[in-house]
Protein chains: 2
Amino acid sequence: MTADKPLRADAQRNREALLAKAREVFDAGDFFDLRFDDFARLAGVGTGTLYRHFPTREALAEAVYHGEVATLCERARRLQATLPAAEALTTFLRGMVEYMDVHKGLARTLATLMADRSGALAEGSRALEQAVADLVAAAVRDGAVRGDVDAGAVTMALHGIGAAHDRPNWRAEADDVITLLLDGLRRPL
Amino acid sequence: MTADKPLRADAQRNREALLAKAREVFDAGDFFDLRFDDFARLAGVGTGTLYRHFPTREALAEAVYHGEVATLCERARRLQATLPAAEALTTFLRGMVEYMDVHKGLARTLATLMADRSGALAEGSRALEQAVADLVAAAVRDGAVRGDVDAGAVTMALHGIGAAHDRPNWRAEADDVITLLLDGLRRPL
DNA sequence: TTGACAAGTGGAGATGGCCTCCATATCTTC
DNA sequence: GAAGATATGGAGGCCATCTCCACTTGTCAA
């Protein structure tokens, strides 16, 4: 799944260049304003090369997304290993908002792609979703959190936060959503 | 704002036909799979006519959206007038999920358009948002709900629910989000 | 009614982005 | 260092979007 083909040296270089430029464009939030052809030139490769590496916009996004998701999942794992379950969950969710705030452009781009048909990002999403589910499950085992709601609800709310990234009062509202979620979860029923 | 121009009889008829067909296509969820030109033919008008009435896909969506939002706002107002504030809020939010469930295609289409840049739907959104804010404010006045969180958070969560419409376990998760939200709101702090 | 002007129509064709294709260049291996 | 494999890039085909205008339809005053 990870080591498909050895990939030639120049190919590797081009792929890297594309990903690097993509991350940059993502963060700037210009991903959808840019002609895909122009993006190739921007990254210093030909159109054909771009398309061979990433057949669609979504595929490119997915590739960028992968790295980010890995980071976030890693973070979840570390928190779970070092903190009491309830605290780990709280810290993780608060951190997600912070993360989205810092990486506005990226969060926005990903949210848009999520909303669009596709499920192109499904694989990456699943990993993140699993991480959240694990955190919630641990908190439930601890008795810190009610066990009668689907952890998917938390993921759903997170998606909502990401999707609403152009609201003028985004940060405050996002923090409040997390607050409500956490307080709702704590309530024994 | 409402009575811009008298609009000729045939124009009115065409406009109506477009809106009717649009609503139909929306509900079927085919809105994005359809060439815009073909949509014109489907509605029985020429391309030019379509574009004169609705310069963009978004404009068309906005027009459809308007009717729906009006209905929902009306519902909010009625609930607020006839039920205790806390109950009105609960009923409204539960109803929103039910509504989105029944009108899957429409909810999905709108969510996609929201996520895309634009803010084309901003005006309609604002009305709905105001309705939610009013419901929350009333509940706060009643002392049934905490006053330290922005009502926008509720709207944000609702957006999330709409945006996540392709999740396999959507309905259950959506209901759970509402549950968490309401329980979080009830908690005195 | 009818004539004359305004309002609206529709679809052919320009525009421009997306993607393919292949002659050429670059790596790798023996 | 030669052969084969792998990758490149950008010219050009394709197709959805949108414009434009010669024509049709509605409206209204006389």
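Given the structure is predicted, the values throughout are model-derived calculations rather than measurements. Lettering of chains follows the sequences in order, A, B, ..., and the numbering in each one begins at 1.
Between D:dA7, C:dG8, D:dG9, one nucleotide has an atom nearer to the side chain of A:V45 than all others, and that is D:dG9. Listed candidates were D:dA11, C:dC18, D:dT8. Nearest to the side chain of A:R52 is D:dT8. Distance from the side chain of A:A11 is smallest to D:dT8 among C:dC19, D:dT17, D:dT8.
Within the nucleic acid shown, B:L7 comes within 4.0 Å of sugar-phosphate atoms alone, with no base atom in reach, counting heavy atoms only. Backbone-only engagement by B:D10 is indicated by non-hydrogen atom pairs under 4.0 Å involving sugar-phosphate atoms exclusively. Residue contacts shown for A:Y51 include a base, since a base heavy atom lies under 4.0 Å away. Among the atoms of the strands shown, only primed sugar atoms or phosphate atoms (P, OP1, OP2) are found under 4.0 Å from some heavy atom of A:N14. Among the protein residues, B:R13 comes within range of the sugar-phosphate backbone only, with heavy atoms under 4.0 Å from sugar or phosphate atoms but none that close to a base. Contacts of B:R15 with the nucleic acid, taken as non-hydrogen atoms under 4.0 Å apart, are absent.
Residues of residues 17-28 of chain B that place a heavy atom closer than 4.0 Å to DNA chain D do not occur.
Side-chain heavy atoms closer than 4.5 Å link hydrophobic residues (I, L, V, M, F, W, Y) into clusters, and following such links, even through other members, never connects B:L50 to B:L7.
In this entry the distance linking CD of B:E16 with P of C:dT9 reads 13 Å, nearest Å. Regarding B:Q12, its CD atom lies at a distance of 11 Å from the P atom of C:dT9, rounded to whole Å. Between the P atom of D:dG9 and the CZ atom of A:F54 lies a distance of 14 Å, rounded to the nearest Å. Between the CG atom of A:D37 and the P atom of C:dC19 there is a distance of 9 Å, rounded to whole Å. Rounded to a whole Å, the CZ atom of A:F36 is 15 Å from the P atom of D:dG9. Distance, B:H53 NE2 to C:dG10 C1': 12 Å, rounded to whole Å. Atom CZ in B:R35 sits about 13 Å away from atom C1' in D:dC18, given to the nearest Å. D:dA16 atom C1' lies 14 Å from atom CG of B:D33, rounded to whole Å.
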B:F36 vs B:Y51, ring-ring contact (aromatic ring centres under 6.0 Å, His included): CA-CA, chis, key distance, verdict: CA-CA 9 Å; B:F36 209 39; B:Y51 277 92; 5.4 Å; yes
Would you give me the side-chain donor-acceptor pairs under 3.5 Å for residues 90-99 of chain B, sequence neighbours excluded?
from	atom 1	to	atom 2	distance (Å)
B:T90	OG1	B:A86	O	3.0
B:T91	OG1	B:E87	O	2.7
B:R94	NH1	B:D175	O	3.1
B:R94	NH2	B:T179	OG1	3.0
B:E98	OE1	B:R171	NH1	3.0
B:E98	OE1	B:R171	NH2	3.1
B:Y99	OH	B:E68	OE1	2.2

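Heavy-atom distances to DNA chain C give each of B:G48 and A:P55 a nearest nucleotide, and the one nearer the 5′ end belongs to B:G48. The residue among B:A9 and B:T49 whose nearest nucleotide of DNA chain D is located toward the 5' end is B:T49.
Within the model, atoms CZ of B:R15 and CG of B:L18 stand 8.5 Å from one another, a figure rounded to the nearest 0.5 Å. Interatomic distance, A:L19 CG to A:N14 CG, rounded to the nearest 0.5 Å: 11.0 Å. Atoms CG and CG, on A:L89 and A:L182 in that order, are 6.0 Å from each other to the nearest 0.5 Å.
The base of D:dG10 sits with one of its N or O atoms less than 3.5 Å from a complementary donor or acceptor on the side chain of A:T47. No hydrogens or angles were tested; on distance alone, nothing pairs the side chain of B:R8 with the base of D:dT27 as donor and acceptor under 3.5 Å.
Of the residues A:F32, A:Y65, A:F31, the one that meets the ring-ring contact (aromatic ring centres under 6.0 Å, His included) test with A:F26 is A:F31.
Under the ring pair (Phe, Tyr, Trp, His ring centres under 6.0 Å) criterion, the residue pairs touching residues 148-167 of chain A are A:H165-A:W170, with sequence neighbours excluded.
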